[in-house]
Each structure stands twice: as structure tokens, then as C-alpha cells.
Amino acid sequence: MNTKQYEKELASLQAELVKLQEWTVQTGAKICVVFEGRDGAGKGGTIKAITERVSPRVFRVIALPAPTDREKTQMYMQRYIPRLPAAGEIVLFDRSWYNRAGVERVMGFSTEEQVQTFFKAVPLMERAIIGSGIILLKYWLEVSEEEQTRRLKARITDERKVWKLSPMDLRSYSRWYDYSRARDDMFAATDLDEAPWYVVRSDDKKRARLNLITHMLGSIPYETMPRSVVRLPERQKPGGYREPDRPVRYVAEKF
């Protein structure tokens with residue numbers, strides 16, 4: 001897909017996201033969308049495509065850092081529950097409570113007993129989330145070995161992206177099949193009828209973004225809400241105002 005076609009399709013979908021935003025605010029809907037996948041699968045770019053034309057006060061992105069010493073002693077779900085949406089909010093989790101089933105399990109940050117306890121708790125928690133009136137969507141972005149390698153190598157040589165390669169990312173890269181097994185176990189334990197996993201093939205970033213946004217919009221029963229006609233009011237008259245006679249520090253116009 002060429003860039004012109006992609007931008008045209010994305011603009012149309014972003015207009016629908018604005019309609020979703022208006023419906024969410026006016027109806028008090030609560031929407032939670034979980035994004036999971038391997039490093040380099042395209043989660044961040046997809047979330048950016050969703051949020052770049054909407055209000056950050058309605059679409060809230062949650063990307064939690066590593067837990068603090070205090071948080072490590074809490075019930076595992078405790079740090080995520082306060083971030084769930086209230087009425088009129090759409091929350092996008094850039095990685096979520098499923099860290100326990102993925103990176104924590106593979107990298108040895110949680111015990112197998114903790115993982116199995118997590119698998120038992122997740123269906124209960126997600127059913128409670130849905131029972132509270134939250135629309136819950138879960139997406140796994142699936143990237144191939146070859147494409148992941150290409151993307152991570154590109155980060156090494158790109159000054160804009162090298163910050164995305166943490167020591168943890170490099171360690172994780174070598175454990176492809178451990179992550180595959182962890183993903184399979186996660187799907188088996190948490191692919192619920194009420195909250196299924198939706199897999200998005202993401203080797204083609206542009207198509208992946210468009211397909212995911214289209215699916216997300218189709219999974220939420222939003223409607224186009226009535227809008228009042230917007231007109232710019234007349235500006236006030238100067239009333240004797242004059243620009244102050246003092247030097248102004250303009251930014252140099254190098255472009």
C-alpha cells in the first residue's frame with residue numbers, strides 16, 4: 001500500500017474515531033483496549049495512529065514503567081485497576097496486565113506459580129470489568145521473525161529510534177520460541193468468549209493499523225451524535241489598542 005492511499009484511508013478512519021469520541025463522551029461509555037505483541041510488532045505506531053487526531057483527555061494511553069518496590073508487594077492486578085476507564089473515557093493499554101504472561105514469565109521476573117495464579121485470576125477480573133459496563137478489546141500484533149529482526153536492526157542505526165532498544169529488548173530478542181510458548185499458553189488460558197483475543201498480522205504496518213482500527217470501530221456500537229453548527233464569532237474592535245514599542249525576541253527563521 002502506497003503512502004497516499006494509506007493516508008486517505010487513515011484520515012477516513014480517524015474521522016470515525018472522532019465520532020466514537022463524541023459518542024463516548026455524550027453517552028458515558030467506558031472503553032478499554034489492550035495492545036500486546038512482541039518488541040517491534042508495531043503497538044506504538046498503531047496507538048499513535050489512533051490518538052493523533054483525538055483528545056488525550058478522552059483517549060488515555062497507559063504505558064506503565066517497571067513496578068516500584070512497593071508495587072511489587074501489591075496484589076498483581078492492583079496497579080492496573082485504577083487505570084481502567086471511567087464514564088466518557090477510552091483507555092489504550094500499551095502493554096497491560098498481560099506482562100505477567102509474557103515478559104515477566106519469559107525473563108524470570110515471576111514464578112511459574114505466580115503465572116498459573118494469574119491465568120486463573122484473569123478470566124474473573126475481565127468478566128468483572130465487562131460486568132461493570134466496560135467494553136474490553138484485546139489485540140495481539142503478530143510480527144514474523146524476519147520482520148522483527150529488520151525493525152530492530154533499523155532502530156540501531158536510526159537516531160530517532162535507538163532509545164527504543166533497551167537491554168531488556170535485546171535479551172528478549174534471543175528468546176523467540178520462549179515467547180511463542182508463552183503467547184500460546186496466554187491465548188489458551190485467557191481467550192474468553194466475553195473477551196477474545198484478536199490477532200493482527202503486522203508485517204505490513206500500514207495495513208495492520210488500518211485493519212485494527214477498522215475492527216475496533218466495528219466492535220463498538222457507537223453512533224454519530226448530533227453536532228451544533230460551528231460559526232466563528234466576530235472579533236472585537238481594537239478599542240485603541242496599539243502594539244507595544246519594545247524589542248521582541250523572535251526565533252531565528254532558518255527554514
Side-chain angles (χ1 to χ4, degrees), residues 24 30-52 54-111 114-115 117-130 132 134-141 143 152 155 161-173 175 178-179 182-183 185-187 189-190 195 197-198 200 202 212 216:
T24 300
K30 299 176 287 186
I31 301 168
C32 178
V33 188
V34 169
F35 295 85
E36 294 288 344
R38 304 175 194 266
D39 295 326
K43 298 180 294 297
T46 301
I47 291 172
K48 181 179 178 181
I50 292 171
T51 59
E52 65 183 356
V54 292
S55 170
R57 290 181 292 276
V58 178
F59 280 77
R60 295 194 294 111
V61 179
I62 305 298
L64 296 182
T68 64
D69 289 341
R70 180 178 183 275
E71 287 173 332
K72 289 176 183 178
T73 68
Q74 294 176 341
M75 181 182 73
Y76 179 70
M77 301 294 189
Q78 193 169 337
R79 71 194 297 245
Y80 294 99
I81 291 173
R83 274 83 177 185
L84 292 172
E89 294 179 346
I90 300 171
V91 171
L92 311 179
F93 277 95
D94 185 353
R95 297 196 183 276
S96 65
W97 47 91
Y98 284 102
N99 273 342
R100 173 133 297 179
V103 64
E104 289 190 16
R105 186 184 194 186
V106 172
M107 303 308 294
F109 297 135
S110 58
T111 66
Q114 288 175 320
V115 172
T117 299
F118 170 80
F119 283 152
K120 292 176 183 177
V122 163
L124 299 174
M125 187 190 81
E126 293 186 353
R127 288 183 178 115
I129 289 172
I130 294 166
S132 74
I134 295 174
I135 297 172
L136 176 62
L137 296 171
K138 303 186 303 192
Y139 291 104
W140 174 273
L141 277 69
V143 65
L152 295 185
R155 291 179 181 180
K161 298 179 180 179
V162 69
W163 63 271
K164 294 183 177 183
L165 275 178
S166 68
M168 183 64 64
D169 296 332
L170 298 175
R171 288 171 58 196
S172 297
Y173 173 78
R175 302 190 181 187
D178 286 343
Y179 272 100
R183 175 204 58 198
D185 288 348
M186 182 185 76
F187 283 174
T190 64
W197 278 103
Y198 296 106
V200 181
S202 65
L212 190 152
M216 186 181 88

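Computation of the quantities below employed the complete heavy-atom set of this structure, encompassing side-chain atoms and omitting hydrogens, waters and symmetry-equivalent molecules.
Considering CE of Met216 and OH of Tyr139, their distance stands at 6.5 Å, rounded to 0.5 Å. Here Met168 contributes atom CE and Arg171 contributes atom CZ; the two are 4.5 Å apart, rounded to the nearest 0.5 Å. Interatomic distance, CG of Leu124 versus CE of Met77, reported as 9.0 Å (0.5 Å rounding). Distance check: Glu126 CD to Ile134 CD1 gives 11.0 Å after rounding to the nearest 0.5 Å. For the atom pair CG (Asp185) and CZ (Phe187), the distance works out to 11.0 Å, reported to the nearest 0.5 Å.
Between the Lys43 side chain and the Leu141 main chain, no donor and acceptor come within less than 3.5 Å of each other. The backbone N or O of Glu71 sits nowhere less than 3.5 Å from a side-chain atom of Arg79 that would complete a donor-acceptor pair.
If you run side-chain contact (heavy atoms from CB on, under 4.5 Å) between Leu212 and each of Val33, Ile50, Ile47, only Ile50 comes through. The side-chain contact (heavy atoms from CB on, under 4.5 Å) test with Leu170 is passed by exactly one of Asp39, Leu165, Leu152: Leu165.
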Item checked: Derivation of the ring pair (Phe, Tyr, Trp, His ring centres under 6.0 Å) call for Trp197 and Tyr98 -> CA-CA 12 Å; Trp197 278 103; Tyr98 284 102; 4.8 Å; yes
*asked:* Between Leu84 and Cys32, does the side chain to side chain contact (heavy atoms under 4.5 Å, CB included) criterion hold? Intermediate values first, please.
replied: CA-CA 7 Å; Leu84 292 172; Cys32 178; 4.1 Å; yes
Evaluation steps, side chain to side chain contact (heavy atoms under 4.5 Å, CB included), between Asn99 and Tyr76
CA-CA 10 Å; Asn99 273 342; Tyr76 179 70; 3.8 Å; yes
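Side chains of Asp169 and Ser166: a donor-acceptor N/O pair is present below 3.5 angstrom, by distance only.
In this structure, Arg105 and Phe118 have side chains that are not in contact, with every pair of non-hydrogen atoms separated by 4.5 Å or more. With a 4.5 Å cut-off on side-chain heavy atoms, Val103 and Arg95 do not count as touching.
When all heavy atoms are compared, the tightest approach of Pro85 to Ile31 is CG-O, 3.4 Å. Between Val115 and Ser110, the closest heavy-atom pair is CG2-OG, 3.6 Å. Closest of all the heavy-atom pairs between Lys138 and Thr190 is NZ-O, 2.7 Å. For Glu52 against Ala49, the heavy-atom pair with the smallest separation is CG-O, 3.9 Å. For Ala101 against Ala182, the heavy-atom pair with the smallest separation is O-CB, 3.5 Å.
Tyr179 does not carry Arg38 over the face of its six-membered ring by the limits of under 6.0 Å from the centre and within 45° of the normal.
Residues passing the salt bridge (charged side-chain N to carboxylate O under 4.0 Å, His left out) test with Asp178 are Arg181, sequence neighbours excluded. Residues that satisfy the side-chain hydrogen bond (donor to acceptor under 3.5 Å, both in side chains) test with Glu36, not counting sequence neighbours, are Ser96.
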Return a table of donor-acceptor pairs under 3.5 angstrom between the side chains of residues 55-67 and protein atoms on other chains or two or more places apart.
from, atom 1, to, atom 2, distance (Å)
Ser55, OG, Arg57, N, 3.1
Arg60, NH2, Arg83, O, 3.4
Arg60, NH2, Glu89, OE1, 3.1

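A salt bridge is defined here as a Lys NZ or Arg NE, NH1 or NH2 lying under 4.0 Å from an Asp or Glu carboxylate O, and Glu104 with Arg100 meets this definition.
The aromatic rings of Trp97 and Phe93 lie perpendicular to each other, with more than 60° between the two planes, well past the 30° mark.
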